[in-house]
Amino acid sequence: MINVVILGGGFAGIKAGLTLKNKIKSHNIQVTLIDKNSSHIFTPSLYEVATAEESEKNVVIPYRSIFSGNFNFVQGRVEKIYVLKQKILLDNNRQYAYDYLICALGSESASFGIEGIKEYSLPMKTLEDAIKIKKALRNAKKIIIGGGGFSGTELACELITHKGHLDITLIQGSSILLKELGGGISLLAKKRLEERNVHLILGKRIKKITKDFVEVEEGRKFTYDVFIWTGGVKSNNLLGKVEVDEFLRVNNHKNIFAVGDMIVPGVAPKAEKMGEIAA
């Protein structure tokens with residue numbers, strides 16, 4: 001029996017699993033997906049959950065409803081990968097052997113060393129984060145969003161659409177919103193937000209956060225009730241610094257592949273394509 005293990009059930013992991021499921025005809029191959037949650041979380045809609053316009057259950061898709069047949073799902077937190085022994089250590093001292101491994105463990109919110117960000121910010125990376133933001137917004141008036149990428153801009157738009165009474169400030173280190181897209185889309189997003197009285201602080205990096213204010217470069221301070229951090233993520237480092245070849249194999253290991261945010265944080269379609277290639 002050949003054991004193929006996929007670590008992580010985000011977009012890359014799901015695509016890898018579905019690709020293998022659809023292509024494997026042999027009964028001598030067993031595919032196992034391991035994730036700390038029992039369900040896939042549709043992360044692009046987390047900002048809708050955070051603003052109370054999307055039901056939590058609508059972004060949760062149980063893995064067992066996605067996969068069936070010659071496919072196993074194991075819920076557990078990955079503690080360590082033993083590359084030489086070809087084993088995975090999970091919580092509660094559980095171990096799983098593999099012949100081929102696809103690492104799709106994703107990313108986590110990055111603080112970039114900003115003082116106070118871990119203590120006073122609310123990240124928006126998981127379903128639990130979105131629920132915390134939803135609760136925090138109930139009694140808030142002044143909201144600061146740190147980061148003007150996809151998540152921060154979408155969140156600002158959702159807030160002004162459904163919670164127009166809030167005083168919203170968006171702080172972006174880059175001089176433009178949605179720098180990944182640039183051009184006319186960035187300018188249009190800026191115009192639309194400003195028309196709805198969102199205060200945009202562009203080209204200023206956040207220097208410090210306290211329980212009362214956010215300080216940017218040059219010392220300007222902004223008070224807030226809720227500070228939401230969408231300013232960036234970092235790749236999971238369980239395998240250390242990951243480098244892959246053109247087939248997404250890790251550091252010349254023929255049986256280990258890395259996909260999605262573990263290589264470079266990006267958008268879902270790119271992660272899905274990587275998952276398909278690795279599979």
Side-chain angles (χ1 to χ4, degrees), residues 10 36-37 41 43-52 77 105-160 163 166-180 189-190 193 198-238 240-241 260-262 264-267:
K36 63 182 178 181
N37 301 309
I41 307 300
T43 52
S45 290
L46 285 180
Y47 68 93
E48 295 178 328
V49 174
T51 57
R77 183 180 297 276
L105 290 169
S107 59
E108 56 190 48
S109 183
S111 64
F112 301 112
I114 299 172
E115 182 181 346
I117 200 165
K118 292 183 178 179
E119 294 83 357
Y120 303 111
S121 71
L122 293 176
M124 195 175 67
K125 194 72 177 64
T126 67
L127 179 60
E128 290 74 19
D129 293 337
I131 294 171
K132 287 180 182 179
I133 292 172
K134 178 190 294 187
K135 293 178 179 178
L137 290 175
R138 291 173 182 167
N139 299 312
K141 293 183 179 179
K142 299 184 71 173
I143 311 299
I144 293 181
I145 300 171
F150 291 114
S151 296
T153 303
E154 287 175 334
L155 178 61
C157 291
E158 197 75 7
L159 287 174
I160 59 176
K163 298 182 181 296
L166 295 174
D167 181 345
I168 303 168
T169 298
L170 188 152
I171 302 174
Q172 164 73 332
S174 170
S175 59
I176 60 173
L177 292 174
L178 299 172
K179 63 180 181 180
E180 300 88 351
K190 180 177 183 293
L193 288 175
V198 175
H199 311 294
L200 298 179
I201 310 300
L202 304 178
K204 301 291 182 183
R205 297 188 181 279
I206 295 175
K207 181 180 177 181
K208 178 182 178 181
I209 303 166
T210 72
K211 65 182 181 65
D212 299 312
F213 63 81
V214 175
E215 181 179 345
V216 300
E217 294 171 324
E218 302 173 359
R220 190 176 177 188
K221 298 177 181 179
F222 302 87
T223 59
Y224 69 93
D225 297 318
V226 176
F227 174 69
I228 303 170
W229 175 242
T230 67
V233 295
K234 60 181 179 180
S235 300
N236 182 288
N237 64 356
L238 202 60
K241 181 175 176 56
D261 283 3
M262 281 200 71
V264 54
V267 293

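Because the structure is predicted, anything quoted here is derived from the model rather than measured. Both backbone and side-chain heavy atoms feed into the values below; hydrogens, waters and symmetry mates do not. Along the sequence shown, the residues carry numbers beginning at 1.
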For [X], side chain to side chain donor-acceptor pair (under 3.5 Å) partners two or more places apart:
| X | result |
| --- | --- |
| Asp129 | Thr126 |
| Lys190 | Glu194 |
| Glu180 | none |
| Asn237 | none |

Is there a side-chain contact between [X] and [Y] in this structure, where contact means two heavy atoms from C-beta onward sitting under 4.5 Å apart?
| X | Y | answer |
| --- | --- | --- |
| Leu193 | Cys157 | yes |
| Met262 | Asn236 | yes |
| Leu127 | Leu46 | yes |
| Phe222 | Val216 | yes |
| Asp167 | His199 | yes |

Which heavy atom in [X] sits nearest to a heavy atom in [Y], and how many Å separate them?
| X | Y | answer |
| --- | --- | --- |
| Glu154 | Pro44 | OE1-O, 4.4 Å |
| Ser109 | Trp229 | OG-CD1, 3.4 Å |
| Thr153 | Ala189 | CG2-CB, 4.4 Å |
| Gly146 | Ile206 | CA-CD1, 4.1 Å |
| Gly266 | Asp261 | N-OD1, 3.1 Å |
| Ala50 | Leu137 | O-CD1, 3.5 Å |

Report the residues that fulfil salt bridge (charged side-chain N to carboxylate O under 4.0 Å, His left out) with Lys135, sequence neighbours left out, ordered by chain and then residue number.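 Once residues adjacent in sequence are excluded, Lys135 has no partner under the salt bridge (charged side-chain N to carboxylate O under 4.0 Å, His left out) criterion.
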
May I have the step-by-step check of side chain to side chain contact (heavy atoms under 4.5 Å, CB included) for Glu158 and Glu48, ending in yes or no? CA-CA 7 Å; Glu158 197 75 7; Glu48 295 178 328; 3.8 Å; yes

Could you walk me through whether Ile143 and Tyr224 pass the side chain to side chain contact (heavy atoms under 4.5 Å, CB included) check? CA-CA 6 Å; Ile143 311 299; Tyr224 69 93; over 6 Å; no

Hey, could you give me the [atom1]/[atom2] distance between [X] and [Y], rounded to the nearest 0.5 Å?
| X | Y | atom1 | atom2 | value |
| --- | --- | --- | --- | --- |
| Lys207 | Arg220 | NZ | CZ | 15.0 Å |
| Ile209 | Ser111 | CD1 | OG | 9.5 Å |
| Gln172 | Leu178 | CD | CG | 8.5 Å |
| Ile168 | Ile144 | CD1 | CD1 | 11.5 Å |

Taking only distance into account, with no hydrogens and no angle test, what donor-acceptor pairs under 3.5 Å do side-chain atoms of residues 114-124 form with protein atoms, sequence neighbours excluded?
unit_1: Ser121; atom_1: OG; unit_2: Ile117; atom_2: O; d: 2.4

Side chain to side chain contact (heavy atoms under 4.5 Å, CB included) between Leu170 and Leu155, intermediate numbers included: CA-CA 10 Å; Leu170 188 152; Leu155 178 61; over 6 Å; no

Sidechain-backbone polar pair: Glu217 side chain, Lys204 backbone, donor-acceptor under 3.5 Å: no

Is it the case that the side chains of Lys163 and Thr51 hold a donor-acceptor pair, with the cut-off being a distance below 3.5 Å and no angle test? no

So Val198 and Ile145, side chain to side chain contact (heavy atoms under 4.5 Å, CB included) or not? Walk me through it. CA-CA 10 Å; Val198 175; Ile145 300 171; over 6 Å; no

